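A short worksheet on the structure shown next.
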2 protein chains.
Amino acid sequence: MGRGYNQHCTLAYALDQIGERWTLLIVRELLAGPRRYTDLAQGLVTVPSNILASRLRDMEALGLVARKRLPAPAENVTVYELTEEGAALSDAVTALSRWGMRSLPPTTDGRAFRAHWLIPVMEARFDPEAAASVSESYQLQIDDEEFVHFTVHDGHGEALPGPAPEPAVAVSADAETLVALANGAITIPEATSRGATIQGAPDAIQRMLEILPPPTRTSKATARRDAVRR
Amino acid sequence: MGRGYNQHCTLAYALDQIGERWTLLIVRELLAGPRRYTDLAQGLVTVPSNILASRLRDMEALGLVARKRLPAPAENVTVYELTEEGAALSDAVTALSRWGMRSLPPTTDGRAFRAHWLIPVMEARFDPEAAASVSESYQLQIDDEEFVHFTVHDGHGEALPGPAPEPAVAVSADAETLVALANGAITIPEATSRGATIQGAPDAIQRMLEILPPPTRTSKATARRDAVRR
DNA sequence: CCGCATCCGATGTGATACTG
DNA sequence: CAGTATCACATCGGATGCGG
């Protein structure tokens, strides 16, 4: 990209730093915890290796990520992790995810899907008011493999990778069903009829649905892409 | 750019739509109200005209902006305005602006500056709790030309272009002083000593400072850019 | 294997010029 | 005023290579 917008504007300044392709997706990956180079490449699915290396260099120079050598047991593997400045992008990532939720289709249609990509999605759906005086966790499992969970603690909530210690609700489903569920396209009964497993007390499930409500969607039928010509 | 990330992720999906260069800055411009092509080009300062035309075409095809012909009095001029979908990007723009505020330098250093760029900045600084049971407006004027203002109405607030009808506080200053003030680098007394004019009751000024508090800043001294080599 | 670097064709960008 | 046309150039994406 050409260098810089050269505008004294907080938005333009932010975009000068994280507006390049792949940068915010790298942040998304690292919001699920420190990752190795190859883990990042895998989570980003189609990123060219030279681009990934270049972005990590830039982000390190900007103070958004830090390299770290793992301690004793693991051999000399390097991991990347977000600095405080980089982690502060969480809110922006959440806001963009919330906007993307409005029109993301309810089916994957051959696109890649990873469980930890739901972390910003859950953060975006979180309703603090519904979570007042609630303290419990909700766990999601995809294809009997990866876990993510959301922990509520009295008005505050946080999405985290991995299984929950003591989930009040545990949902397990294949990717396609979980995507439709996260999208609000199907209800919990429909999900179970598709083979999903939902464990937990009915009132806990009810609380989960109120604390992580489905997105307000827009009818994308009105967007006519045939107007593009280039 | 290569087309699409091909990931079923709300963030990647959002970035597929608005991640290209200039797009979010066009949204920033249109958040200040409908604009003509040449107004946009002026507000974006350095945008190449072909890029602007291309982006507007894409954004129209995506349903983010709509063209409109002005009514009777004005000749056949076309204006662009945000659709509901496009206006919904306001929160994401605000979140990115809030992040950019952390490290934006307090001086313009030759970069362009426009008053309406403060709209997302004021939205980002807004503290709803401090605004409970307050209903008034704060007006900013830059270089005796452009106005922006912020209206509070009982816990809700909104930044708008133009002068305020009955401002409780009216600040007027040159760009450099206003930038330093917005950045939190100088205090109101320091601003007045630089030639700024602040009109309003002392307690209204106090409320304004609590409702639109200065950003939490980060010491950018730690970011070593000399690590970049490319 | 992990962590990149190199090469190359395709595409996007930026500056300028030009037109209905 | 509201864009289109052109072209040099930077960047991206994909494949491949390569030392540790």
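So you know, we letter chains A, B, ... as the sequences are listed, proteins then strands, and number each from 1. Computed from a prediction, not measured in an experiment: that's the story for all the values here.
Residue A:Tyr80 places at least one side-chain N or O closer than 4.0 Å to OP1 or OP2 of C:dC4. Close to C:dG3, at under 4.0 Å from its OP1 or OP2, lies no side-chain N or O of A:Arg67.
The ring pair (Phe, Tyr, Trp, His ring centres under 6.0 Å) contacts involving residues 37-63 of chain B comprise nothing, where partners must be two or more places apart or lie in separate chains.
Using a 4.5 Å cut-off on side-chain heavy atoms (C-beta onward), B:Phe147 and B:Leu160 make no contact.
The separation between B:Ile51 atom CD1 and D:dA5 atom C1' is 13 Å, rounded to whole Å.
When the options A:Leu178, A:Val179, A:Val148 are evaluated for a side-chain contact (heavy atoms from CB on, under 4.5 Å) with A:Ile142, the one that passes is A:Leu178.
Side chain of A:Glu20, nearest nucleotide from D:dC12, C:dA5, D:dA2: D:dC12. The listed nucleotides are C:dC2, D:dC1, C:dT13; the one nearest the side chain of A:Arg36 is C:dC2. In this structure, of C:dT13, D:dC1, C:dA5, it is C:dA5 that holds the atom nearest to the side chain of A:Arg57. Listed nucleotides: D:dG13, C:dC4, D:dA2. Nearest to the side chain of B:Thr38: D:dA2.
With a 6.0 Å radius and a threshold of 12 heavy atoms from other residues, nucleotides or ligands, B:Glu84 has its CD atom at or below the threshold.
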Check your understanding: Which letters describe nucleotides 14-20 of chain D, given B = protein heavy atom under 4.0 Å from base, S = only from sugar-phosphate, - = neither?
Key -> BB-----
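A salt bridge links A:Glu81 with A:Lys68: at least one charged nitrogen is closer than 4.0 Å to a carboxylate oxygen.
Taking the six-membered ring for Trp and thresholds of 30 and 60 degrees, A:Phe126 and A:Phe150 have ring planes inclined between 30 and 60 degrees apart.
Within residues 24-35 of chain A, no residue has any heavy atom under 4.0 Å from DNA chain D.
To the nearest 0.5 Å, atom CD1 of residue A:Ile26 and atom CD1 of residue A:Ile18 are 12.0 Å apart.
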Practice item. Applying salt bridge (charged side-chain N to carboxylate O under 4.0 Å, His left out), run through A:Glu60 and A:Arg67 and close with a yes or a no. Key: CA-CA 8 Å; A:Glu60 190 185 1; A:Arg67 279 163 188 272; 3.1 Å; yes
